Amino acid sequence: MKMFNWRLIMQLHLYLGLLCIPYLIIFGVSSLDFNHHFFSTESHREPVSRSLSIRVPELDDDRALGEALRDSLGLFGWYLPWETKRDSVQFQTTISQPGKDYHLSVDLLTGKVEITDRFKTGGQIFRSLHFIGNAIPNAPWWINMWQYYQVLTVYSMLFWAITGVYLWWRKKNSHPAERWTLLGMGIFSIAFIIFLWLAG
């Protein structure tokens with residue numbers, strides 16, 4: 001009895017590649033944008049504002065208040081502490097999600113809230129997919145599935161590396177240059193990691 005079904009391994013290798021290649025493209029292009037900034041950050045959509053009245057929770061902690069307002073207003077996204085201001089009358093903060101930012105301006109005395117939706121560009125949304133590795137608070141389940149897609153891609157890359165070597169090793173007509181290339185790149189990678197560790 002064979003220990004491994006190499007045909008099954010090859011099929012998994014191929015189909016996981018087809019499944020995960022969209023994220024790898026997103027990851028690569030967004031990484032280039034972080035360095036070269038070719039995506040526009042100026043949205044062509046005008047901000048949209050609306051007002052409503054709510055009961056403002058009596059909370060002294062800014063984060064707790066910002067998150068409580070987000071939940072009571074039915075918004076989803078992350079609370080941004082660096083865009084939060086408070087005085088005796090007004091509380092201002094921003095809730096951010098991949099598609100837009102919600103700027104909240106709250107009258108602490110009357111409970112009147114002004115919400116301004118600031119829409120992001122397609123490039124900004126594309127770039128945000130690079131790093132969403134955890135659940136977005138209050139987001140629909142289908143949006144939060146992205147984090148599991150990222151995890152699947154990470155483990156698939158490890159699987160590709162191991163099975164790629166395994167499938168190559170099974171070849172009966174491999175050229176000696178292939179073995180030297182694999183050995184050389186392996187030694188170079190390990191040496192480079194050790195160098196960075198010692199120099200860091």
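The model shown is predicted, which means the values in this text are computed figures rather than measured ones.
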Residues T116 and S49: side-chain donor-acceptor under 3.5 angstrom: yes

Polar side chain donor-acceptor pair, Q92 to T84, under 3.5 angstrom: no

Greater than 12 external heavy atoms within 6.0 Å of Y23's OH: yes

Nearest heavy atoms of W160 and L24, plus distance in Å: CZ3-CD1, 3.6 Å

Contact check, side chains of P137 and W78, non-hydrogen atoms, under 4.5 Å: yes

Between NE2 on residue H103 and CG on residue L80, distance to nearest 0.5 Å: 11.0 Å

F119 ring center near H44 ring center (under 6.0 Å): no

Test item: V56 and F91 side chains (from C-beta on) under 4.5 Å apart, heavy atoms: no

Separation of L129 CG from S30 OG (nearest 0.5 Å): 8.0 Å

Side chain to side chain, I25 and I21, heavy atoms closer than 4.5 Å: yes

Exam field: side chain E67 to backbone A64, donor-acceptor pair closer than 3.5 Å: no

Exercise: do D101 and S96 side chains pair donor with acceptor under 3.5 Å: yes

